[in-house]
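Only this structure's heavy atoms are used, side chains among them; waters, hydrogens and symmetry mates stay out. Each chain gets a letter, A, B and so on, in the order its sequence line appears, and its residues count up from 1.
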There are 2 protein chains.
Amino acid sequence: MQIRREEKAPAAPTVEDVARAADVSTATVSRCLNAPDRVSERTRERVMAAVRELGYAPNFGARALAAKRTNTFGAIIPTMENAIFARGLQAFQEALGQNGVTLLVASSSYRPDLEEDQIRELVARGADALLLIGHDRTPASYAFLEQRRIPVVHAWVHDPASPRISIGFDNRAAMKALAHEVMARGHDRLGVITAAREGNDRARERFAGICDAMAERGLDPASLAVEETPYSIPNGAEAFTRLMARDPRPTAILCGNDVLAVGALGAARKMGIDVPGSVSITGFDDIEIAEIVQPSLTTVHVPHREMGRRAAELLLALRNGDAAPQSVALPTHIVWRDSLGPAPKTPA
Amino acid sequence: MQIRREEKAPAAPTVEDVARAADVSTATVSRCLNAPDRVSERTRERVMAAVRELGYAPNFGARALAAKRTNTFGAIIPTMENAIFARGLQAFQEALGQNGVTLLVASSSYRPDLEEDQIRELVARGADALLLIGHDRTPASYAFLEQRRIPVVHAWVHDPASPRISIGFDNRAAMKALAHEVMARGHDRLGVITAAREGNDRARERFAGICDAMAERGLDPASLAVEETPYSIPNGAEAFTRLMARDPRPTAILCGNDVLAVGALGAARKMGIDVPGSVSITGFDDIEIAEIVQPSLTTVHVPHREMGRRAAELLLALRNGDAAPQSVALPTHIVWRDSLGPAPKTPA
DNA sequence: TTGTAGGCGTTATCAT
DNA sequence: ATGATAACGCCTACAA
């Protein structure tokens with residue numbers, strides 16, 4: 001049984017309280033907050049004083065209910081655990097903030113089913129528009145978004161063939177270019193550490209890029225040594241260890257992102273395998289630690305901040321009903337550092 | 001002028017729509033969603049079918065308005081940019097999720113004034129309870145929280161003298177222990193790279209810990225070379241560079257966290273300064289890259305995941321009105337790695 | 001410039 | 001077990 005508390009009610013002040021305190025109507029209070037210039041200086045001051053006095057803050061739910069606009073956007077990213085999305089999201093948020101919209105962030109753990117729930121949740125919470133990563137999601141998710149006509153921008157990808165509006169880069173072409181450079185250095189036993197490709201089009205595209213390059217150079221993509229594991233430093237380390245146990249042993253490991261690559265680098269050091277002397281390792285993303293780690297990581301630079309900023313522009317334009325904005329493709333480039341070297345002279 | 005659109009309305013389905021489709025009252029629909037056992041099997045199936053059919057999702061704002069409970073907690077962390085808070089927050093979120101509450105995250109950029117806004121925002125959005133970092137905030141923030149009787153837990157700190165409930169560790173004692181170990185290795189010219197201490201009690205406490213240890217060993221805390229800069233790898237690098245230009249030059253640099261320390265390490269490498277041969281460097285937090293970087297970083301291990309998990313337990317208990325939970329202190333320990341060595345033999 | 005009043009979508013209290 | 005109906009806090013025509 002619950003004991004009756006004799007404390008006075010915590011009651012949040014409402015427009016009505018403010019109105020009473022300032023001796024005006026609730027409508028005037030509302031105007032002071034939403035259209036300050038439609039109210040006389042004198043009464044506005046009186047109202048704002050009451051607002052401060054009472055510590056009034058408008059109830060978001062009630063406001064959304066009545067106004068049908070929240071000035072809130074949502075973003076669903078696969079993970080907050082590592083830095084992959086942090087910088088882009090930060091830029092996204094900053095750009096939104098400058099336009100008076102606040103951001104709600106959710107993470108899906110790379111699971112389309114969870115993402116579907118999150119989409120519903122964010123929309124129910126009143127998100128006016130959504131930022132999503134990639135194109136891989138459940139049909140139900142897309143059906144929902146279309147039925148509700150929620151403005152959506154897809155980031156981290158660019159597929160000119162898709163009608164959906166996106167801001168990103170060509171993952172496949174970028175990885176293909178890197179794979180070509182690796183092979184140009186004499187490597188012909190390649191390995192790859194990738195995230196699960198199911199439900200992750202970025203991972204799938206990057207993987208495909210490697211196969212493309214191999215085929216173009218007359219190598220059989222089937223000879224590619226593949227390890228699939230979730231993005232994390234320890235996972236990268238384990239996958240690398242398994243790759244080194246293969247026969248024949250690969251001389252170059254292309255990693256699906258920098259996080260995996262850093263893990264691989266660590267494992268190599270522990271195993272006493274020289275990088276890039278015995279094995280070359282490459283990453284993808286160019287996050288901060290790619291430059292810090294030793295040997296520093298040759299990787300694909302992705303313009304995260306610009307991507308985030310322009311995602312905000314696109315989404316704002318969409319929400320405002322401006323002339324339909326176009327998908328944009330951002331350039332990536334290879335950053336040459338120390339983890340990639342020529343193939344070792346002593347082939348098996 | 002806005003062109004009239006001839007599209008059919010995007011209208012989100014409401015309980016009413018569902019009720020009509022299932023030929024029941026709105027009350028029954030509501031019960032199906034919130035107390036499924038209080039409705040007969042047959043009608044429940046019919047209702048749920050309609051729900052799926054229409055893609056119905058309850059409007060969060062309306063629900064909060066009517067039910068006065070959102071099952072949503074809020075967390076305000078200083079930054080999402082680096083990994084300091086990521087792991088703890090992840091654990092926090094997981095624990096909440098298992099209890100059916102969803103988490104809203106905001107970041108304050110280490111600015112109490114912004115944090116005050118965020119607190120208001122989260123509460124207005126219906127947060128039932130809040131997780132905050134540290135004890136440093138505006139009086140207005142505390143006044144607001146008390147007036148509204150919002151359950152709050154303070155993480156990343158533990159001050160037995162404070163009446164506020166917290167889950168964390170003694171930043172001052174932890175850093176003091178580390179400083180003692182550094183001096184025990186012969187270092188008597190110390191430098192520190194800290195975040196701004198104003199408005200950041202963790203930074204202030206850690207700093208104070210160093211001074212404590214120096215005083216206890218008969219060193220004048222005024223001789224400590226201090227660099228204050230926001231947490232980031234490049235900032236750590238720059239601060240380190242400035243420290244190395246001082247006369248006399250410190251032989252050991254204690255960093256306020258691992259992020260700064262990693263930056264310092266990078267700068268040392270670029271400057272050709274041997275670590276730990278010429279200078280020792282220490283961190284704080286024990287985030288992933290502390291182990292990866294070279295030389296690996298001697299640092300203070302903080303049990304982030306446990307802290308997050310137990311923060312959730314505390315907050316849940318508070319919200320549920322269980323017997324007033326107690327603040328908890330978590331142990332930290334020094335992780336011995338390679339960046340700390342004996343003081344160089346050639347004193348100035 | 002200001003006030004009045006209806007409605008936004010949901011839950012909860014009472015009946016039935 | 002189910003149905004009517006009154007809040008919940010705010011915004012916005014519409015009137016004055």
Roughly, in whole Å, what's the span from [atom1] in [X] to [atom2] in [N]?
X        : N       : atom1 : atom2 : answer
Arg46(A) : dT1(C)  : CZ    : P     : 15 Å
Arg31(A) : dC14(D) : CZ    : P     : 14 Å
Asp23(A) : dT2(C)  : CG    : C1'   : 12 Å
Glu41(B) : dA1(D)  : CD    : C1'   : 14 Å
Arg20(A) : dT2(C)  : CZ    : C1'   : 18 Å
Asp37(A) : dT2(C)  : CG    : C1'   : 15 Å
Glu45(B) : dT2(D)  : CD    : P     : 12 Å
Arg38(A) : dT2(C)  : CZ    : P     : 11 Å

The helix from dT1(C)-dA16(D) to dT16(C)-dA1(D): angle between end helix axes, five pairs per end, rounded to 10 degrees: 30°
Starting from the C-alpha separation in whole Å, work towards a yes-or-no answer on side-chain contact (heavy atoms from CB on, under 4.5 Å) for Thr79(B) and Ser107(B). CA-CA 5 Å; Thr79(B) 177; Ser107(B) 63; 5.6 Å; no
Any N/O pairs under 3.5 Å between the protein and nucleotides 7-10 of chain C? List them or say none.
residue, atom, partner, partner atom, Å
dG9(C), N2, Ala62(B), O, 3.4
dT10(C), OP1, Tyr56(B), OH, 2.5
dT10(C), OP1, Asn59(B), N, 3.0
dT10(C), OP2, Val15(B), N, 2.5

Is it true that a side-chain atom of [X] and a backbone atom of [Y] form a donor plus acceptor pair closer than 3.5 Å?
X         : Y         : value
His154(B) : Ile165(B) : yes
Thr14(B)  : Glu16(B)  : yes
Arg46(A)  : Ala22(A)  : yes
Ser109(A) : Arg111(A) : no

Could you report the tightest heavy-atom contact between Ser166(A) and His158(A), atom names first, then the distance? OG-ND1, 3.7 Å
Are the side chains of Leu33(B) and Tyr56(B) in touch, meaning some heavy atoms are under 4.5 Å apart? yes
How about Tyr110(A) and Tyr231(A): are their ring centres within less than 6.0 Å of each other? yes
Any Thr43(A) side-chain N or O less than 4.0 Å from OP1/OP2 of dT1(C): no
Is the shortest side-chain N/O distance from Ser25(B) to OP1 or OP2 of dA4(D) below 4.0 Å? no
Give me each pair satisfying side chain to side chain donor-acceptor pair (under 3.5 Å) with a member in residues 127-138 of chain B, each pair once, sequence neighbours excluded. Thr70(B)-Asp128(B), Glu115(B)-Arg137(B), Glu116(B)-Thr138(B), Asp136(B)-Arg204(B), Arg137(B)-Tyr142(B), Thr138(B)-Ser141(B)
Base, sugar-phosphate or nothing for Val29(B)? Non-hydrogen atoms, less than 4.0 Å. nothing
